[in-house]
Structures are given as C-alpha cells and as structure tokens.
Amino acid sequence: MNKFKRATIIVLDSAGIGQLPDSEKFGDVDVNTIGHISSTVGLNVPNMEAMGLGNIADLATVKKVENPTAKFGKMAEVGEGKDTLTGHWEMMGNTLHQGFNQFTDNGFPADVIDEFEKRTGRKVLANKEGSGMKVIAEYIEEHMETGSLIVYTSADSTFQIAAHEDIVPIDELYRACEIASELVQTPKHNVARIIARPFIGGISDFTRTANRHDYAQSPTEHLVTEKLQEAGKDVIGIGKISDIFTGKGITETFKSKSNDDGVALTIEQLKRTDVEGLIFTNLVDFDTLGGHPRNVELYRDMLEKFDSQLPEIIENMNADDLLIITADHGNDPTYKGNDHTREYVPVLCYSPSIEGGEITTRSTFEDLGETLCENWGLESTNEGTSFLNELV
C-alpha cells in the first residue's frame, strides 16, 4: 500500500542553491541563485526557513533550524544541459546524456531563416541570442511598422518568436511556431523548444501576455507521468508542465498566467477530494522575470511572496499528502549574462504525517521520480534511487 495518496511537486523554476562540481564546464563559476539573492539583497522566507531551507546550504539571511518541519536536501543534475526540458525530463526518468544544440553565436543558419520567411510569409528581425524583453524593446518599432517576426534564441536551446497580438494574430503566431518546429526540431538542428512570445501595448510600454505557448521536443523514455497515468492515477499539470512533456502522461492541464495564478490553481486542485496521484506545478516567473533579466530584487520578492502562500497550500493538504518543493536548474540573477546556471536544486519535502530531517544529497534528479514510483509500486526509472525510506 502506498504511503502517500497524493504528491504535489512545485518547481520554483530556476531557484538553484549552489554550483555543481561540473559547473565550470557549462561556463559557470561561483553561482548560487538562492544563496546570492540572500547575501546581496536579503531573503525573508520564514516558512521555507522553518522547513529547513537554510539547512541545505549556508544562506546569509536564512537561518539553519534545529527542528525543521520538512525533510530537506538537494539534488544534482546529470543531464547535459541546464535548461527546462533537461531538468524536468530528468525528474521524470528521462536523463539527456547528449544535450540540445544552441545557436547563441550567430543565430540560426541562413537557410533555416530563409525557409522560415518563405513559409510564414513574414520577414525575420533579430535572429540572435538575447534576453527576450530586451530583444523585443530593440525591434518593436520595426516590428510594428513592418509586421516582421522577432526571432531570437537563448542559451537553453530555444527558437523564440515574439509578435504583437494586434499585428500577428495568435493563431498565425502559433502556426509560425509549428513551421519553426518542422525546420529546427530535427536531428540536424536539435532545438529543444519553440516558444511563442506574444505581447501587447505600445513601443515604450509593451507587456507579454498569457498566450505564451511552448512546443517542446518529445521525451524519448517512458516517463513517470505515463506510468502513473497507466496505473490509473491522476497527473495534473499546472503552468507549462504539459508543454514540457508534450502531454505525455498528463491527465488534466491548467495553464497559469503568473506565479500567483499557478499557486492558486495548485490550491484548487488540493481542495479536490477526487484526486489521487500527482499534482505537478511549474512557477516560471522566477526564471523569466527574475533570473534572465538579472533582477535580483524582483526574484527576492517573488520568493518571499511564494513563501507567504505556503501556509494556505499546507492548510489544504491531507495527512497522506506529500509536498515537494524543488527547482529544475539555476539562474543566478547576480551572475554575468542572462543564461541559466548549472546548480544543485533544493528539495523540501513536507507532509503532516512525517517528521523533519535531512535527506541524503541526491546524485540525479531521477531520484525524485523513482521515489514516486516506489510510493505507487510502479516500474523503476532508468537511473534513479528512491528516497522514500528517508521520508517515512
């Protein structure tokens, strides 16, 4: 009989907690997303502090506690990447030992852009690496005048297409993404995600909308989400979870407009009495609004806001519920550039039925998925080792 009836995973997208031993190989030295936020602008997260966040690593303004309310630890990433897909896929049993291709030096090849323009009927602006908001700001005036699509990439293997919703209708933007997928999500170019980035507003006051849509490559391994679905369990994806896994194993999906909306949707699902299985939430604003733009203060504010929402999440948990708070990679807002950073990710596991304490540092994200497998008596993941015995 399974120990937990429901598990809720909340991914604080990019909230890493210190560099991995191989971080220099990925261009990262002395990176620590939560640690550097704590030491530079301060971090007041009393609920996660009580859970044991400060026990995972030395954090300047988050204390270690003697009697943590949760099991605490950290996980190392094995996959060859530091991006959303690599992190999430590894959690669910699909470790990427060969990473996705990147086009940060010169943008996408001319033949790809030429064919993309031919098939979409629109010219391309930018075709370079950069932070999305900055790239849009640089090209928005020309985009508004010409209707050309703003195409850019990032170090996490993306082909991103930005367009004003009044200039390029959403359906047309999505079709452009499908065309891009056909061109670059191939063995030759191996791009992880195509991302629609619609926005509204004027040249000086534009804002992105909630109509973002990700077109990810499909995982190749048999995912934990699929095993849960096949066993008759619920797998509820909140935020961009369904996009990340191309819907594999997801029984219900709820798109979110923001971190706050994602938390509210999570609480709604916890209030349901008919859910048995996994609630899987991604809170992407930490990454897109705090990490990539290198906005340390906003990142701190969002962490503190999430922390203030934890009591309501916990209030809606049953005795046989398990809450796992973690991340998929780092994105240190104090570091150079605007790329993700190769880091450990925190693990905080809370249940009304378990006592707090330390979890052994995990050598792969797959350990999280394997823990779910053991809880429900499912086939093992490829490389994971369950830590269920450290929770009970």
Side-chain angles (χ1 to χ4, degrees), residues 11 13-14 16 20 22-28 31 76-109 111-113 115-116 126-132 135 151-161 176-197 212-223 225 240-248 282 284 287-288 291-292 327-331 337-343 345 364-366 369 382-383:
V11 178
D13 198 307
S14 83
L20 284 169
D22 66 354
S23 65
E24 286 193 47
K25 185 179 78 171
F26 292 82
D28 301 328
V31 291
E77 186 169 26
V78 171
E80 283 293 315
K82 50 181 179 177
D83 57 273
T84 295
L85 293 195
T86 303
H88 282 78
W89 287 9
E90 188 169 322
M91 289 181 204
M92 292 295 110
N94 189 169
T95 296
L96 288 178
H97 292 287
Q98 179 177 349
F100 297 109
N101 292 343
Q102 299 170 322
F103 295 86
T104 55
D105 293 338
N106 302 301
F108 296 98
D111 62 329
V112 169
I113 296 300
E115 184 64 17
F116 179 74
N127 186 28
K128 64 180 182 179
E129 186 273 337
S131 175
V135 173
V151 172
Y152 62 99
T153 188
S154 59
D156 55 333
S157 187
T158 58
F159 187 113
Q160 306 200 45
I161 310 171
C177 289
E178 292 167 1
I179 291 169
S181 175
E182 294 167 6
L183 295 174
V184 299
Q185 287 182 319
T186 61
K188 177 180 179 180
H189 298 299
N190 194 29
V191 173
R193 284 182 296 159
I194 316 299
I195 306 178
R197 289 290 198 178
R212 164 184 171 152
H213 188 57
D214 291 41
Y215 298 77
Q217 284 204 43
S218 186
T220 56
E221 299 292 342
H222 194 208
L223 301 173
T225 52
K240 60 179 184 177
I241 291 297
S242 185
D243 289 346
I244 291 168
F245 297 107
T246 61
K248 287 191 170 182
N282 175 282
V284 72
D287 190 44
T288 58
H292 286 302
D328 52 344
H329 50 73
N331 199 345
N338 53 37
D339 186 15
H340 295 153
T341 45
R342 178 80 166 180
E343 300 184 42
V345 298
T364 168
F365 289 5
E366 284 206 31
N382 294 324
E383 301 173 29

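Below, each value reflects all heavy atoms present in this structure, side chains not excepted, and no hydrogens, waters or symmetry copies. It should be emphasised that the depicted structure is a prediction, and the values quoted were computed from it without experimental measurement.
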* **Reported CG-to-OG1 distance for the pair Asp339 and Thr341, which is rounded to 0.5 angstrom** => 8.0 Å

* To do: With sequence neighbours left out, write down each residue that passes ring-ring contact (aromatic ring centres under 6.0 Å, His included) with Phe26, or none if nothing qualifies.
  => none

* Please determine which of Glu129, Gln160, Gln102 meets the side-chain contact (heavy atoms from CB on, under 4.5 Å) test together with Thr153. => Glu129

* Among Asp287, Asp328, Asp83, which one satisfies side-chain hydrogen bond (donor to acceptor under 3.5 Å, both in side chains) with His340? -> Asp287

* Atom OH of Tyr215 and atom OG of Ser181: how far apart are they, to the nearest 0.5 Å? -> 9.0 Å

* Are Glu90 and Thr364 linked by a side-chain donor-acceptor pair shorter than 3.5 Å? -> yes

* To do: May I ask you to test the Thr288-Arg212 pair for a side-chain heavy-atom distance under 4.5 Å?
  => yes

* Lys248 side, atom NZ; Leu223 side, atom CG - distance, nearest 0.5 Å -> 6.0 Å

* Indicate yes or no: at least one non-hydrogen side-chain atom of Phe116 is less than 4.5 angstrom from one of Phe159. => yes

* Asked: With a 4.5 Å limit on heavy-atom distance, are the side chains of Thr246 and Pro219 in contact?
  -> yes

* Structure fact -> With sequence neighbours left out, the residues meeting side chain to side chain donor-acceptor pair (under 3.5 Å) with Thr220 are none

* Structure fact -> Heavy atoms of Glu343 and Asn331 approach each other most closely as OE2-N, 3.9 Å

* With a 4.5 Å heavy-atom cut-off, do Val345 and His329 have their side chains touching? -> no

* Got a second to check how far Met92's CE is from Phe365's CZ, nearest 0.5 Å? -> 11.5 Å

* Asked: What residues form a side chain to side chain donor-acceptor pair (under 3.5 Å) with Asp22, not counting sequence neighbours?
  -> Arg342

Distance-only donor-acceptor hits, side chain of residues 186-196, under 3.5 Å, sequence neighbours excluded:
from: Thr186; atom 1: OG1; to: His189; atom 2: N; distance (Å): 3.3
from: Asn190; atom 1: OD1; to: Gln217; atom 2: NE2; distance (Å): 2.9
from: Asn190; atom 1: ND2; to: Gly99; atom 2: O; distance (Å): 3.4
from: Arg193; atom 1: NH1; to: Asp214; atom 2: OD2; distance (Å): 2.9
from: Arg193; atom 1: NH2; to: Asp156; atom 2: OD2; distance (Å): 3.0

* Could you tell me the separation between the OG atom of Ser242 and the CG atom of Asn282, rounded to the nearest 0.5 Å? => 12.0 Å

* Asked: Between the side chain of Trp89 and the main-chain N/O of Ser218, is any donor-acceptor distance below 3.5 Å?
  -> no

* Asked: Given side chains that start at C-beta, do those of Lys128 and Asn106 come closer than 4.5 Å, heavy atoms only?
  -> no

* Any side-chain heavy atom of Glu366 sitting closer than 4.5 Å to one from Glu221? -> no

* Sequence-distant partners of Asn94, side chain to side chain donor-acceptor pair (under 3.5 Å), two or more places apart -> none

* To do: Kindly determine whether Lys240 and Val284 satisfy side-chain contact (heavy atoms from CB on, under 4.5 Å), including the steps that lead there.
  => CA-CA 8 Å; Lys240 60 179 184 177; Val284 72; 3.5 Å; yes

* Roughly how far apart are Gln185 CD and Ser157 OG, rounded to 0.5 Å? -> 8.5 Å

* Apply side-chain contact (heavy atoms from CB on, under 4.5 Å) to Asp28 and Lys82, showing your working. => CA-CA 11 Å; Asp28 301 328; Lys82 50 181 179 177; 2.9 Å; yes

* Minimal non-hydrogen separation, Gly130 against Tyr152, with atom names -> O-CD1, 3.8 Å

* Structure fact -> Residues at least two apart in sequence or cross-chain that pass side chain to side chain donor-acceptor pair (under 3.5 Å) with Glu80, listed by chain then number, are Lys25

* Asked: Is the number of heavy atoms from other residues, nucleotides or ligands within 6.0 Å of CD (Glu24) greater than 12?
  -> no

